[in-house]
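All values below were derived from every heavy atom in this structure, side-chain atoms included, with hydrogens, water molecules and symmetry-related copies excluded.
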Amino acid sequence: MPASPSGPVTSRTRSWWGWGYTDAHPDDAECVALGALLPGTLGRPLPVPRVADLSIGRPGVTPPTALAHLVTNDPGVRAAHAMGKAYRDVIRALRGRPGRIPDLVARPTDDREVADLLDWAGGRGVAVIPFGGGSSVVGGVEYRGDDHRAVLSLDLTSMDRVLEVDTVSRSARIQSGALGPGLEAQLRPHGLTLRHFPQSFEFSTLGGWLATRAGGHYATGRTHIDDFVQSLTVVTPAGPGTSWRLPASGAGPSPDRLFLGSEGALGIITEAWMRLQERPHHKASASVAFADFQQALEAVRAIARSDLSPANCRLLDPGEALLSGASHDGSSVLVLGFESATSPVDDRLASAMDLALAHGGRGGRGGHSGRGGAPAADGGVPADTAVSAWRSAFLRMPYLRDGLARMGAVVETFETAATWDRVPSLIDAVRTEVSSVASKATGHPATVNCRLTHVYPDGAAPYFTVAVAGRPGDEVRIWDDIKAAASDVLHRYRATITHHHAVGRDHRPGYDLRRPDPFALALRATKDALDPHRILNPGVLID
């Protein structure tokens, strides 16, 4: 059954240099207020960067006539495709040093055009950087180096249709360039949803989620986009391929697993059959405060080991709770949420609350929407004040990060995952060592906050935020020092270099250390076979 090709239309302008929409950015007064939270920041914000102030040269290559209609060399479009949205990217734009700007931006509309663009680029030595919503925070959509004569940013957002919906098998064939809101809008008339809501939901694509193995809405159970994949269609320089659409298979290594998380280095994911769900009607949520963070960790571990499967199970440490407005008394806050398409979830919420209270939680407060409640922008559920405050802060945080950057602050976020036996000491080590490095590098006190974003019976995914006043003009080097210190701690505790933000270029050193040598050998051989001219996203995963 075909679906409508059009998603929601917005006239709002995306920022070329920062997060999200330009009209949602903090103004100068809000930037100054944010800067006041960190001693040592600038007296006034850095000016908003302009494309007109950048030095953007003429393209180093010209596309053939047959492909010219797919390609633009417009300076504004090229600048918007030069980087992702990591702090490192934002501060470089603010300082007028965005790095290598692509020579051209192409917007194919089907697989054939993708293949033609790859053929042309391979024959001309042009690097191809796959680009979806551009929300990468790990250097995943930029070109670094000078090994290629030119750089083509391959923007897939014109391939944004839900092509087919199978209501019997409850799945859909979707083009990879579909942004989150447009994808959900096309599924809504069928009463179905993919229900994958990363923080970047508005500004990221299905293909980006698949290529980076993105984490989403669920804090337990189906935490990653991997869990929703039936099959993939991938176009490589060596040719296209589509895996069989199956509910499950034990036939050898999975072809889908080869491309999930490959970050565009092995091929371009152009379509996917994705498992869907009925839209949830029953929702309930609550928050529980803890005076002791260790007790809160034990409560979360007990809930993760139960069969309750909360959709949301976010633990905020005191700093994170204060920053989000979920608590103002030094408490840690556990945010719980449950949902179902078929039956009430109040009993499951009550059971989770009992576990939390038995481990030292207090003052559990909650709310529920019952049947038919409207979801929030991120797919969450109506809740009490603490839950609502956390959700608002969650969606607003990337904008505030950019406001702090304009005040010369250095702000880094990184996430990981480790088994429960290492989680408490890992969190303590990150807080101690990373804050020490940040303070030593800047001469200012640093703040390191932590929250758990996803939890499992055998472990958890801590997410850290580091904020410190920087030194004017030296912010990138300080950020690099913080990143290196964090990566060192994660490696010592055998925690993953990333749980859901991908490897990109920024996490390559940590990724290289953790992968087995035979796997690295196989990955290089696969790269040689599928991308013989080495044009696809050079520097990502393998050299």
Listed by chain and number, what are the side-chain hydrogen bond (donor to acceptor under 3.5 Å, both in side chains) partners of [X], not counting sequence neighbours?
| X | answer |
| --- | --- |
| Arg515 | Asp512 |
| Arg275 | none |
| Asp226 | Arg213, Arg257 |

Judged by atom type as modelled, is there a donor-acceptor pair below 3.5 Å linking the side chain of [X] to the main-chain atoms of [Y]?
| X | Y | answer |
| --- | --- | --- |
| Ser15 | Tyr21 | no |
| Tyr87 | Thr413 | no |
| Ser204 | Ser200 | yes |
| Ser176 | Ile269 | yes |
| Thr41 | Gly35 | yes |
| Arg314 | Thr453 | yes |
| Ser249 | Ala251 | yes |
| Lys85 | Gly18 | yes |
| Asp474 | Gly470 | no |
| Ser435 | Arg431 | yes |

Between [X] and [Y], does any side-chain N to carboxylate O distance fall below 4.0 Å?
| X | Y | answer |
| --- | --- | --- |
| Lys483 | Glu412 | yes |
| Asp528 | Arg534 | yes |
| Asp329 | Arg362 | yes |
| Arg92 | Asp89 | yes |

Is there a side-chain contact between [X] and [Y] in this structure, where contact means two heavy atoms from C-beta onward sitting under 4.5 Å apart?
| X | Y | result |
| --- | --- | --- |
| Leu334 | Ile303 | yes |
| Leu315 | Phe293 | yes |
| Gln277 | Phe228 | yes |
| Leu183 | Leu206 | yes |
| Val151 | Glu142 | no |
| Phe259 | Val229 | no |
| Val32 | Pro45 | yes |
| Tyr218 | Arg195 | yes |

Could you check Asn312 against Glu339 for side chain to side chain contact (heavy atoms under 4.5 Å, CB included), going step by step and ending with a plain yes or no?
-> CA-CA 9 Å; Asn312 195 4; Glu339 60 184 45; over 6 Å; no

Contacts of type side chain to side chain contact (heavy atoms under 4.5 Å, CB included), residue Asp531, not counting sequence neighbours |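 Testing Asp531 for side chain to side chain contact (heavy atoms under 4.5 Å, CB included), a comparison that skips the adjacent residues, returns Pro237, Lys527, Ile535, Leu536.
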
Tell me, please, which residues at least two apart from Pro398 pass side chain to side chain contact (heavy atoms under 4.5 Å, CB included).
->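 Partners of Pro398 under the side chain to side chain contact (heavy atoms under 4.5 Å, CB included) test: Trp19, Gln199.
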
Can you tell which of Leu308, Val335, Val455 makes a side-chain contact (heavy atoms from CB on, under 4.5 Å) with Cys313?
->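 One option only clears the test, and that one is Val455.
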
Check [X] against [Y] and note the closest heavy-atom contact, atom names and distance.
| X | Y | result |
| --- | --- | --- |
| Asp256 | Ser231 | OD2-CA, 3.7 Å |
| Thr498 | His500 | OG1-N, 3.5 Å |
| Pro538 | Tyr143 | CG-CE1, 4.1 Å |
| Trp16 | Ala93 | CH2-CB, 4.2 Å |
| Leu355 | Ala302 | CD1-O, 4.0 Å |
| Gly403 | Pro26 | CA-CG, 4.1 Å |

On the 0 to 90° scale, with breaks at 30° and 60°, tag the Trp209-His196 ring pair as parallel, tilted or perpendicular.
->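 The rings of Trp209 and His196 sit tilted, inter-plane angle from 30° to 60°.
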
Determine the interplanar angle of the His81 and Phe131 rings, folded into 0 to 90°, and report it as parallel if under 30°, tilted if 30 to 60°, perpendicular if over 60°.
->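 His81 vs Phe131 ring planes: tilted.
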
Test side chain to side chain contact (heavy atoms under 4.5 Å, CB included) on His454 and Thr220 and set out the steps.
-> CA-CA 6 Å; His454 301 76; Thr220 66; over 6 Å; no

ring-ring contact (aromatic ring centres under 6.0 Å, His included) contacts touching residues 402-441 (sequence neighbours left out) |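 As it turns out, the ring-ring contact (aromatic ring centres under 6.0 Å, His included) pairs with a partner in residues 402-441, which skip direct neighbours, are Phe414-Phe464.
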
Hey, could you give me each pair passing ring-ring contact (aromatic ring centres under 6.0 Å, His included) that has a residue in residues 507-543? Not counting sequence neighbours.
->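 Not a single pair qualifies under ring-ring contact (aromatic ring centres under 6.0 Å, His included).
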
Please name all residues satisfying ring pair (Phe, Tyr, Trp, His ring centres under 6.0 Å) with Phe290, sequence neighbours left out, ordered by chain then number.
->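 Once residues adjacent in sequence are excluded, Phe290 has no partner under the ring pair (Phe, Tyr, Trp, His ring centres under 6.0 Å) criterion.
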
Side chain to side chain donor-acceptor pair (under 3.5 Å) pairs, two or more places apart, involving [range]:
| range | answer |
| --- | --- |
| residues 299-309 | Glu298-Arg301 |
| residues 440-451 | Glu320-Arg451 |
| residues 394-406 | Asp28-Arg406, Glu30-Arg396 |

Can you tell me how far OG of Ser331 sits from CG of Leu316, rounded to the nearest 0.5 angstrom?
->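 Rounded to the nearest 0.5 Å, the CG-OG separation comes to 11.5 Å.
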
Which is it for Arg508 and Asp543 under the salt bridge (Lys or Arg N to Asp or Glu O under 4.0 Å) test, yes or no, and what are the steps along the way?
-> CA-CA 10 Å; Arg508 264 296 302 278; Asp543 294 322; 3.2 Å; yes

Going through the checks in order, is the side chain to side chain contact (heavy atoms under 4.5 Å, CB included) test met by His224 and His499?
-> CA-CA 9 Å; His224 281 71; His499 173 264; 3.3 Å; yes

Enumerate donor-acceptor pairs with a distance under 3.5 Å from any side-chain N or O in residues 421-429 to protein atoms, sequence neighbours excluded.
from: Asp421; atom 1: OD1; to: Thr419; atom 2: OG1; distance (Å): 2.5
from: Arg422; atom 1: NE; to: Tyr493; atom 2: O; distance (Å): 2.7
from: Arg422; atom 1: NH1; to: Thr419; atom 2: OG1; distance (Å): 3.4
from: Arg422; atom 1: NH2; to: Thr419; atom 2: OG1; distance (Å): 3.4
from: Arg422; atom 1: NH2; to: Arg494; atom 2: O; distance (Å): 3.3
from: Ser425; atom 1: OG; to: Arg422; atom 2: O; distance (Å): 3.2

Assess whether atom CZ of Arg144 is packed by more than 12 heavy atoms of other residues, nucleotides or ligands within 6.0 Å.
->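 Count over threshold, so yes.
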
Residue pair Glu433, Arg492: steps toward the side chain to side chain contact (heavy atoms under 4.5 Å, CB included) verdict = CA-CA 12 Å; Glu433 296 183 38; Arg492 289 203 329 266; 2.6 Å; yes

